[in-house]
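Encoded as structure tokens, the structure appears first; notes follow it.
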Amino acid sequence: MDLMVLSAEGPWAQLTPEAERVAQEHHLGRLREIFAIQAGLSREKVNRVYEFEAGLVRQNHGKAPEALRWDQLATVHERVTNRYNNGTYDATYFTYTLTLANGASTKLDGFYRDPKLHRNPEFAISANPRGRQYADLGRAVANYVTRAKLPGALESLERGESLAFGDVTIDRNGVRRGRHAAPWVSIQEVKVEKGWITIKQEGKFRPLHKQEVARIPNFSLFITVVEKLREGLPS
């Protein structure tokens with residue numbers, strides 16, 4: 001697991017020759033950002049994630065760099081959790097798992113502290129802004145996958161096909177999980193809260209579906225399609 005995201009200045013904040021070569025081989029375009037993550041207790045062990053226009057290169061300490069192109073992504077699993085200590089906000093932990101069509105994957109994970117969630121104004125001193133920027137990269141990748149896959153998903157629904165997101169299946173008529181199904185017209189609420197999604201059906205005490213967001217592949221795409229289906233598919 002990635003730990004502390006280091007500052008933008010330092011010997012680690014530079015593109016290594018081997019990472020540059022891998023980026024060129026995969027035609028990743030212009031370098032946008034370098035994230036250096038402390039991989040252990042010592043800053044001598046640093047993992048590097050290089051963000052390029054068309055993908056990223058990850059170079060873990062002591063290992064060869066590996067490239068990942070945005071347009072080859074199959075799924076993104078996202079987990080974002082606010083942790084509290086005795087009722088007081090401590091930090092936000094995140095994990096974005098990026099998986100290619102061939103099964104290869106990498107994770108962007110770490111933490112940051114959001115001053116807006118803490119009562120003490122001095123809390124901002126330990127906010128770890130680079131950690132927030134690293135989390136923003138994960139969010140941007142999830143949004144990219146949503147934009148790339150949304151047109152095809154809507155076309156499939158228009159043809160009367162269904163879409164599976166893990167063990168949840170949706171189509172123009174409704175949502176189904178295992179033996180339980182419900183039409184969209186009966187769905188009272190779709191709520192995302194504290195890392196969980198809950199789908200409630202009118203007249204039912206128990207939710208039709210409740211699951212961790214992190215267990216649903218391409219959750220951002222899923223929730224976008226669900227909202228469109230509840231509103232009625234666009235022409």
Side-chain angles (χ1 to χ4, degrees), residues 1-10 12-13 33-49 51 58 60-61 75-99 105-143 146 165-168 177 188-201 204-224 226-227:
M1 176 179 177
D2 292 336
L3 296 175
M4 175 68 74
V5 181
L6 302 175
S7 67
E9 283 110 24
W12 48 76
E33 189 63 88
I34 299 176
F35 294 98
I37 306 97
Q38 187 172 321
L41 298 179
S42 171
R43 290 197 176 188
E44 297 299 320
K45 295 183 178 180
V46 174
N47 296 336
R48 294 177 174 88
V49 173
E51 178 193 358
R58 186 180 187 101
N60 287 346
H61 176 74
T75 63
V76 176
H77 284 79
E78 46 191 293
R79 181 191 299 273
V80 181
T81 306
N82 293 330
R83 295 188 183 178
Y84 291 80
N85 185 11
N86 294 326
T88 300
Y89 170 77
D90 177 58
T92 299
Y93 287 79
F94 61 89
T95 300
Y96 291 89
T97 304
L98 319 180
T99 304
S105 67
T106 191
K107 291 184 178 181
L108 309 177
D109 53 2
F111 74 94
Y112 61 88
R113 294 186 168 94
D114 188 345
K116 295 179 180 178
L117 299 179
H118 200 279
R119 294 187 294 269
N120 188 344
E122 295 182 359
F123 187 78
I125 297 174
S126 60
N128 188 19
R130 290 293 287 170
R132 181 63 176 264
Q133 292 168 7
Y134 193 42
D136 289 343
L137 171 59
R139 164 53 44 195
V141 175
N143 289 340
T146 299
F165 293 85
D167 56 359
V168 182
R177 186 187 186 194
Q188 179 182 11
E189 182 183 42
V190 178
K191 181 172 66 175
V192 181
E193 185 178 36
K194 296 181 179 179
W196 289 77
I197 180 171
T198 304
I199 301 177
K200 293 184 178 181
Q201 190 176 7
K204 302 289 185 180
F205 176 74
R206 292 187 176 182
L208 174 70
H209 178 62
K210 186 174 183 179
Q211 189 175 27
E212 275 191 289
V213 166
R215 298 181 63 85
I216 300 178
N218 295 333
F219 176 78
S220 294
L221 174 64
F222 169 76
I223 198 67
T224 300
V226 166
E227 289 171 354

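Summarising the geometry, atom CG belonging to N143 is positioned 8.0 Å from atom CD belonging to E78; distances are rounded to the nearest 0.5 Å. Interatomic distance, CZ of R48 versus CG of N60, reported as 10.5 Å (0.5 Å rounding). Between Q38 atom CD and K45 atom NZ the span is 11.0 Å, to the nearest 0.5 Å. Taken to the nearest 0.5 Å, the CZ atom of R130 stands 9.0 Å off from the CD1 atom of I34. Here the CZ atom belonging to F219 is positioned 10.0 Å from the OG1 atom belonging to T146, to the nearest 0.5 angstrom.
For the pair L108/F35, no side-chain contact is recorded, criterion being any heavy-atom separation below 4.5 Å from C-beta on. The side-chain heavy atoms of Y134 and Y112, taken from C-beta on, include no pair separated by under 4.5 Å. At a threshold of 4.5 Å between non-hydrogen side-chain atoms, the residues T97 and K107 count as touching. Taking the side chain as every heavy atom from C-beta outward, V80 and Y96 approach each other to under 4.5 Å. Side-chain contact between K194 and N82 is absent, with no heavy atoms from C-beta onward closer than 4.5 Å.
For Y84, the ring-ring contact (aromatic ring centres under 6.0 Å, His included) test picks out Y89, with sequence neighbours left out. With sequence neighbours left out, the salt bridge (charged side-chain N to carboxylate O under 4.0 Å, His left out) criterion links E189 to K200.
Side-chain contact check for R83 and N85: no donor-acceptor pair (N or O, by modelled atom type) lies under 3.5 Å. In this structure, a donor-acceptor pair under 3.5 Å is present between the side chains of R139 and S220.
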*Could you go step by step and tell me if D114 and R132 meet the side chain to side chain contact (heavy atoms under 4.5 Å, CB included) rule?*
CA-CA 8 Å; D114 188 345; R132 181 63 176 264; 3.9 Å; yes

*Run the side chain to side chain contact (heavy atoms under 4.5 Å, CB included) check on E33 and V49 step by step: do they pass?*
CA-CA 8 Å; E33 189 63 88; V49 173; over 6 Å; no

Please list, one pair per line, the donor and acceptor atoms closer than 3.5 Å that link side chains of residues 206-216 to other protein atoms, with sequence neighbours excluded.
unit_1	atom_1	unit_2	atom_2	d
H209	ND1	R177	NH1	3.2
H209	NE2	Q211	OE1	3.0
Q211	NE2	D167	OD1	3.4
E212	OE2	R79	NH1	2.9

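With hydrogens and angles ignored, the 3.5 Å screen pairs no side-chain donor or acceptor of D109 with any backbone N or O of F94.
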